[in-house]
Amino acid sequence: MRYSDDIIEEVRFGNDIVEVINSYTPLKQRGSSYIGLCPFHKESTPSFSVSPDKQLYHCFGCGASGTVFNFIMDIENYDFLDTLKYLADRINYQLPSPNQKTDDKLLEKKKILYDIHKLVAKKFYENLLTPQGDIAREYLDNRKIKQNVRTKFGLGFSLFKKDDIYTFLKEKGYDDNIILESGLVIKSKNNTFFDRFFGRLMFPIIDTQGRVIAFGGRDLTNNKSSAKYLNSPDTPIFNKSYNLYSINIAKNTKNKELILVEGYIDVISLYQIGITNVVAALGTAFNENHIKLLKKYANKVILLFDSDDAGIKATLRAIPILIQNGIYVKVVQIENAKDPDEYIKTFGANNFIKFLNNAKSYISFQIEQKMKEYNLNDAIQKVDFTKEVSNIISSLESPVERDVFIDEASAITGISKDAILQEINLILSNNEKMPKIENKRINKKNNIQNNKLEEAKQSIMYILATNLNIYNKLKKYINPEDFIDQVYVKFVSLIYEYYENNLPIYPAEITLKFDDIEEQKKISKVFMQKIDFSNNDNLEKIINDQVKIIKKAYFDKVILEEKNIEIVQKALKDKKLFENLYINL
Ligand SMILES: [Zn+2]
């Protein structure tokens with residue numbers, strides 16, 4: 001549910017950003033803003049700036065940026081709604097009760113969908129015991145999955161009958177609409193209804209409150225035309241990106257540690273040997289959205305993916321997502337087996353547990369993977385490898401940890417610790433000066449041009465948003481679409497709309513017009529730039545240059561992508577015009 005913009009604005013208005021932030025990190029006034037040590041990254045000289053006029057903060061060290069809402073969300077790890085409640089409480093502001101009517105309707109629908117899933121889970125479970133279920137029981141027998149574990153996970157079977165579940169639910173009195181919304185039944189083009197799952201081993205997906213919210217189904221026919229695994233689609237009670245398989249069991253983890261595996265069967269075979277803090281993503285790669293759920297129960301994660309290339313890729317992909325969210329990561333790489341289940345079957349539970357206890361740090365894992373890409377007997381490749389490794393190690397915040405891995409990298413490469421340390425210090429000092437740029441081999445020239453364009457856009461947006469006179473001079477030359485990036489286009493459109501309606505522009509209010517947190521940060525950064533208006537002659541020239549850069553990029557894009565030849569011709573003509581234009585401010 002979402003509160004209206006007016007309410008958000010009132011809560012924001014009551015919570016002065018300087019006061020709020022000052023209670024987390026002491027701020028000192030400097031000129032028109034306040035500065036302090038950034039609470040989001042380690043630093044000894046303050047680069048964290050808070051503007052009382054704009055009601056925004058920005059860190060010139062790590063790039064953290066936003067409104068008072070973003071600050072509380074990041075520092076307290078709250079979602080937006082919790083933040084709103086917290087800030088409303090802080091000023092004794094009574095939030096109105098949510099829109100009861102639509103809420104009730106949705107709740108009612110969800111309740112029916114939970115009921116349907118419960119009934120169907122029970123039916124699948126019973127199917128497993130029928131003669132048709134032989135094939136599924138055989139599969140489980142081969143996998144050595146014990147009866148009590150089958151019951152614990154509620155494993156079941158969908159019959160080889162295309163409308164079994166549909167007929168079953170109709171008999172229970174459910175109408176077609178709600179049956180379709182459950183995702184368990186599909187309607188074909190000629191209006192016949194058939195089940196999503198048939199002839200599959202069924203894994204109920206259960207939420208933290210113990211409710212069945214979806215199913216995963218494994219094909220047992222080895223029929224090449226059907227997918228090996230099939231999952232429920234997203235429904236009002238299930239979103240695959242926000243749920244994890246077996247979280248209902250794993251949430252009881254004692255030491256705030258979760259093991260992330262690839263498949264349902266891995267979860268179950270680990271459970272069977274007494275390891276219960278295991279989860280798997282559901283037919284989607286592990287992603288940012290999973291973090292919110294995971295963080296409620298764990299601050300440590302062990303990645304235990306398959307030993308193939310896909311597993312390694314998935315591991316490398318998950319590491320930064322977890323690290324950035326403050327989760328401690330270890331990696332276990334399966335050896336001599338393709339997945340955990342096979343390992344346990346081949347080498348036994350005890351060996352597996354030993355193996356698990358030797359999980360290595362994600363840094364070692366990353367270094368080992370990098371090693372595969374380089375020939376360390378080649379001097380040039382060795383230097384490149386060292387740079388890559390230094391880059392990985394420089395991501396560690398603790399100097400002690402860095403030291404440990406410098407030793408390791410030096411032992412592997414034979415390059416002196418001093419040389420690696422120097423490389424790391426160079427990276428760290430550059431990181432402090434610049435916003436983080438991904439460390440990839442990029443075409444340098446292109447990159448400089450892109451930086452110039454981005455800089456021009458940001459500066460012109462800032463000028464438009466903060467200076468009505470210049471806006472009036474520029475508005476006939478520059479349009480929101482010129483900024484290409486959808487967030488910027490929306491931002492500039494908003495600014496134009498505010499001016500044309502004679503509304504005052506409050507930077508924090510404009511920032512909160514964006515729903516997405518990343519978008520809010522992007523806009524906050526635009527407002528928090530340091531631009532010097534003191535030298536007017538120079539400013540006029542700078543603005544002219546920047547407008548030209550933006551217009552040129554826009555016209556180039558039109559010329560490249562537009563199919564309508566007349567529009568292309570006009571763009572070519574306008575591009576020429578702009579090259580020779582000078583706007584007097
Ligand atoms: Zn910072």
Side-chain angles (χ1 to χ4, degrees), residues 12 15-80 83 86-87 288 291 295 299 319-329 391-402 424-439 451 454-455 458 462 487 507-508 511-512 514 516-531:
R12 185 189 71 72
N15 282 280
D16 178 62
I17 195 163
V18 177
E19 262 177 51
V20 172
I21 294 181
N22 192 44
S23 64
Y24 289 90
T25 184
L27 298 173
K28 272 197 202 117
Q29 187 159 20
R30 184 171 294 174
S32 63
S33 48
Y34 288 77
I35 59 158
L37 292 174
C38 177
F40 300 113
H41 85 280
K42 276 181 197 151
E43 61 176 5
S44 46
T45 48
S47 44
F48 187 81
S49 163
V50 184
S51 162
D53 304 335
K54 295 171 188 157
Q55 289 290 311
L56 294 171
Y57 67 93
H58 183 74
C59 173
F60 292 91
C62 69
S65 195
T67 65
V68 69
F69 286 95
N70 302 104
F71 184 84
I72 295 297
M73 278 195 267
D74 283 348
I75 204 140
E76 297 285 0
N77 250 321
Y78 287 164
D79 61 17
F80 187 80
T83 305
Y86 172 87
L87 289 173
E288 289 277 349
I291 295 280
K295 263 194 128 169
N299 51 29
I319 289 170
I321 300 177
L322 291 159
I323 296 296
Q324 277 157 23
N325 284 282
I327 292 169
Y328 185 77
V329 182
N391 206 28
I392 293 170
I393 299 174
S394 70
S395 73
L396 290 166
E397 287 205 9
S398 146
V400 182
E401 266 188 293
R402 270 187 231 143
I424 290 172
N425 285 336
L426 191 69
I427 294 167
L428 289 175
S429 66
N430 278 342
N431 280 357
E432 256 165 46
K433 275 182 232 143
M434 291 189 293
K436 270 191 188 156
I437 297 170
E438 266 201 79
N439 183 47
N451 283 346
E454 181 61 25
E455 200 181 293
Q458 294 204 8
Y462 178 86
V487 178
T511 306
L512 284 166
F514 293 78
D516 186 87
I517 305 301
E518 289 313 311
E519 294 178 5
Q520 291 178 1
K521 289 182 181 169
K522 214 165 157 178
I523 297 308
S524 167
K525 273 179 202 166
V526 170
F527 276 119
M528 292 298 278
Q529 291 169 92
K530 287 177 182 160
I531 292 177

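Each ligand, and each atom within it, is numbered from 1 in the order the structure gives. The residues of the chain are indexed from 1 along the displayed sequence.
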Query - Within 6.0 Å of CZ in F514, more than 12 heavy atoms from elsewhere - result: yes

Report task. Using atom types as modelled and distance alone, determine if a side-chain donor or acceptor of S524 lies under 3.5 Å from a backbone N or O of G66. Result -> yes

Query - Under 2.8 Å from the Zn ion (ligand 1) - protein N/O/S, by chain and number - result: C38 SG, H41 ND1, C59 SG, C62 SG

Report task. Can you sort out the partners of R402 under salt bridge (charged side-chain N to carboxylate O under 4.0 Å, His left out), two or more places apart, ordered by chain and number? Result -> none

Query raised in the report: Can you name the side chain to side chain contact (heavy atoms under 4.5 Å, CB included) partners of I321, sequence neighbours left out?
Result: F286, E288, I291, R317, N325

Query raised in the report: Under the salt bridge (charged side-chain N to carboxylate O under 4.0 Å, His left out) test, which residues partner D16, sequence neighbours left out?
Result: none

Query raised in the report: Taking the six-membered ring for Trp, is the centroid-to-centroid distance between F71 and F40 below 6.0 Å?
Result: yes

